[in-house]
K.L.:
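Submitted below is the structure of interest, expressed as structure tokens.
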Amino acid sequence: MNRVVYVNGDYLPETEAKVSIFDRGFLMADGVYEVTTVVDGKLIDFDGHLARLSRSLGELGIENPMEKAQWLDMHRELVARNQLVQGMIYLQVTRGAPDDRDFIFPDPEKTKPTVVSFSQSNPHLVDSPKARKGIKVVTIDDLRWGRRDIKTVQLLYPSMGKMMAIKSGADDAWMVQDGFVTEGTSNNAYIITDGKIVTRALSNDILHGITRSAVLRFAREAQMPVEERSFSVEEALSADEAFVTSASTFVMPVVQIDGTMIGAGTPGPLTQRLREIYIEESCKAAI
Ligand code: PDD
């Protein structure tokens with residue numbers, strides 16, 4: 001690929017972009033990220049992603065290096081320079097690169113955050129063959145740390161979880177804590193039973209998905225009942241429908257959990273309706 005990427009104020013060909021080996025993102029996973037979807041060259045849920053970025057940085061005591069207007073310019077510049085029509089803008093902010101490795105945080109006056117951002121093209125986000133079929137998930141123990149509400153770049157366990165899923169013939173994994181589903185490896189998890197949408201309530205146990213918040217709002221507006229509470233694996237196995245949400249998948253039907261078919265084993269009608277509403281409304285509001 002020959003993308004133009006962003007590193008600390010510069011737009012560069014991806015092959016020329018460099019970050020120090022002492023960067024704390026690289027050595028300590030001391031950084032946060034956001035993924036914002038682009039459809040028809042426009043940013044979806046941009047304000048939500050920026051608000052969460054700001055919160056994640058605040059929780060880790062990393063200074064937010066840019067104002068909202070600058071973040072927006074940077075996103076738009078990457079879309080324009082890469083002629084991105086459909087895909088994502090990935091953005092990462094780390095605590096920066098001090099001149100040596102140390103567990104102690106560097107002095108923020110001397111070490112400024114590192115900002116890296118790049119585009120990823122994906123023409124199959126809206127018209128998604130996967131969404132037509134639905135995905136299969138397996139359940140795995142949730143072995144992540146206790147601050148999953150912060151969108152950090154510590155993605156080793158989610159990455160291992162996806163590999164476990166793929167090795168067992170599934171597409172993704174749902175993580176389970178004390179018998180209850182927390183979330184997917186890179187998405188929020190939902191079931192629908194008797195017309196009620198159930199998803200875990202917000203806490204430090206899960207990422208506060210930007211797509212989750214929009215989808216629940218649209219569901220309530222469409223008079224679909226929503227229950228924000230934990231659900232067990234057993235409850236999920238007997239649900240009528242299941243799905244996941246994330247910026248990169250929107251509303252994605254789940255048709256199998258641990259080898260058990262959910263509903264008819266095809267994307268459920270309410271899930272499909274929610275996907276349509278989310279895509280229509282969020283594209284309308286895209287900037
Ligand atoms: N993942 N939960 C986890 C653990 C996630 O990593 C994500 C997003 C979500 C959904 O959040 P949102 O709706 O704001 O995208 C929930 C992104 C897409 C990723 O890591 O690529």
Side-chain angles (χ1 to χ4, degrees), residues 25 29 31-39 43-56 59 75 86-93 116-122 124-125 128 130-131 135 137 139-165 171-177 180-190 197 199-219 228 230 242-252 254 274-275 277-279 281-283 285-286:
V32 302
Y33 75 107
E34 280 298 329
V35 176
T36 304
T37 300
V38 173
V39 175
L43 300 156
I44 290 189
D45 288 336
F46 180 76
D47 287 356
H49 287 287
L50 258 219
R52 186 173 61 192
L53 173 70
S54 169
R55 177 178 183 275
S56 295
E59 292 298 304
H75 278 73
Q86 200 174 144
M88 282 94 69
I89 299 291
Y90 175 90
L91 141 70
Q92 178 170 322
V93 182
V116 166
S117 191
F118 53 84
S119 59
Q120 293 184 291
S121 176
N122 183 343
H124 306 295
L125 293 182
S128 159
K130 258 193 174 171
I135 61 165
V137 302
T139 57
I140 60 171
D141 280 347
D142 196 337
L143 300 180
R144 296 172 300 162
W145 78 326
R147 289 304 306 275
R148 303 162 194 157
D149 57 310
I150 310 173
K151 197 164 170 63
T152 73
V153 296
Q154 305 177 54
L155 296 177
L156 180 55
Y157 189 68
S159 185
M160 289 170 73
K162 281 237 205 249
M163 293 313 296
M164 289 183 236
D171 303 287
D172 204 350
W174 277 11
M175 295 180 281
V176 177
Q177 176 174 291
F180 292 92
V181 174
T182 50
E183 59 187 331
T185 58
S186 61
N187 42 58
N188 291 114
Y190 308 72
I197 300 164
T199 193
R200 197 175 176 105
L202 296 181
S203 73
N204 292 354
D205 291 340
I206 61 167
L207 186 74
H208 302 188
I210 303 307
T211 320
R212 176 190 181 281
S213 138
V215 164
L216 294 187
R217 190 175 73 247
F218 296 141
E228 295 184 62
S230 299
F243 62 96
V244 295
T245 64
S246 76
S248 49
T249 60
F250 307 141
V251 175
M252 177 64 68
V254 169
L274 273 176
R275 180 177 173 88
I277 297 175
Y278 176 76
I279 291 175
E281 293 299 322
S282 59
C283 287

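Counting starts at 1 for both ligands and their atoms, following the listed order.
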K.L.:
Can you name the atoms of ligand 1, numbered from 1 with element, that are less than 4.0 Å from a heavy atom of G209?
P.N.:
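Close to G209: 11 (O), 12 (P), 13 (O), 14 (O).
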
K.L.:
Donor-acceptor pair, distance only, cut-off 3.5 Å: does the side chain of S117 make one with the backbone of Y90?
P.N.:
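Confirmed, S117 side chain pairs with Y90 backbone.
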
K.L.:
Out of all atoms in ligand 1, which are within 4.0 Å of some heavy atom of N188? Include the element for each.
P.N.:
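Counting from 1, the qualifying ligand atoms are 10 (C), 16 (C).
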
K.L.:
Quick one: does D45 get within less than 4.0 Å of ligand 1, heavy atoms only?
P.N.:
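No, D45 has no heavy atom closer than 4.0 Å to ligand 1.
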
K.L.:
Scan side-chain atoms only and decide if K130 and T249 contain a donor-acceptor pair under the 3.5 Å cut-off.
P.N.:
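Short answer, no.
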
K.L.:
Report, in ascending order of atom number, the atoms of ligand 1 lying under 4.0 Å from any heavy atom of Y33.
P.N.:
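This gives 6 (O), 19 (C), 20 (O) as the contact atoms.
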
K.L.:
So which of A214, S246, G48, S186 gets nearest to atom 5 (C) of ligand 1, if we judge by its closest heavy atom?
P.N.:
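That would be S186.
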
K.L.:
With a cut-off of 4.0 Å, which atoms of ligand 1 are near a heavy atom of A247?
P.N.:
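Numbered from 1, ligand 1 contributes 12 (P), 13 (O), 15 (O).
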
K.L.:
Should we count CE of M160 as having more than 12 external heavy atoms under 6.0 Å?
P.N.:
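12 or below, so no.
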
K.L.:
Output the list of atoms in ligand 1 that are nearer than 4.0 Å to some heavy atom of S248, sorted by atom number.
P.N.:
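Close to S248: 18 (C).
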
K.L.:
Can you list the atoms of ligand 1 that are under 4.0 Å from a heavy atom of T185?
P.N.:
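In order of number, 4 (C).
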
K.L.:
List the atom of T36, the atom of I44, and the distance in Å for their closest heavy-atom pair.
P.N.:
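What the structure gives for the nearest pair is CG2-O, 3.4 Å.
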
K.L.:
Would you indicate which of E34, H49, K151, R52 comes nearest to atom 17 (C) of ligand 1 when only heavy atoms are counted?
P.N.:
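Residue with the shortest heavy-atom distance to the ligand atom: K151.
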
K.L.:
I need the single residue from L274, N187, V39 that forms a side-chain contact (heavy atoms from CB on, under 4.5 Å) with F250. Which is it?
P.N.:
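Only one option passes, and that is V39.
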
K.L.:
With a 4.0 Å cut-off, would you call E34 and R52 a salt bridge?
P.N.:
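Between R52 and E34 there is a salt bridge, with a charged N closer than 4.0 Å to a carboxylate O.
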
K.L.:
Among all protein heavy atoms in this structure, tell me which lies nearest to atom 13 (O) of ligand 1, with the distance rounded to 0.1 Å.
P.N.:
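Protein heavy atom with the smallest distance to atom 13 (O) of ligand 1: T211 OG1, 2.6 Å.
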
K.L.:
Considering only protein heavy atoms, which is closest to atom 21 (O) of ligand 1, and at what distance to one decimal place?
P.N.:
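Its nearest protein heavy-atom neighbour is V35 CG2, 3.7 Å.
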
K.L.:
Which bit of L155 gets closer than 4.0 Å to ligand 1, counting heavy atoms only: side chain, backbone, both or neither?
P.N.:
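Within the 4.0 Å criterion, L155 makes no contact with ligand 1.
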
K.L.:
Please assess E183 against R144 for the test salt bridge (charged side-chain N to carboxylate O under 4.0 Å, His left out), listing each intermediate value before the final yes or no.
P.N.:
CA-CA 11 Å; E183 59 187 331; R144 296 172 300 162; 2.9 Å; yes

K.L.:
For ligand 1, is there an N or O atom under 3.5 Å from any N or O atom of I210?
P.N.:
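Such a contact does occur with ligand 1.
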
K.L.:
Under the side chain to side chain contact (heavy atoms under 4.5 Å, CB included) rule, what do V32 and I150 come out as? Steps first, then yes or no, please.
P.N.:
CA-CA 8 Å; V32 302; I150 310 173; 4.2 Å; yes

K.L.:
Quick one: OG on S119 to NE2 on H75, what's the gap to the nearest 0.5 Å?
P.N.:
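These two atoms lie 11.0 Å from each other.
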
K.L.:
List the closest protein heavy-atom neighbour of atom 2 (N) of ligand 1: residue, atom name, distance to the nearest 0.1 Å.
P.N.:
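Sorting protein heavy atoms by distance from atom 2 (N) of ligand 1 puts E183 OE1, 2.7 Å first.
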
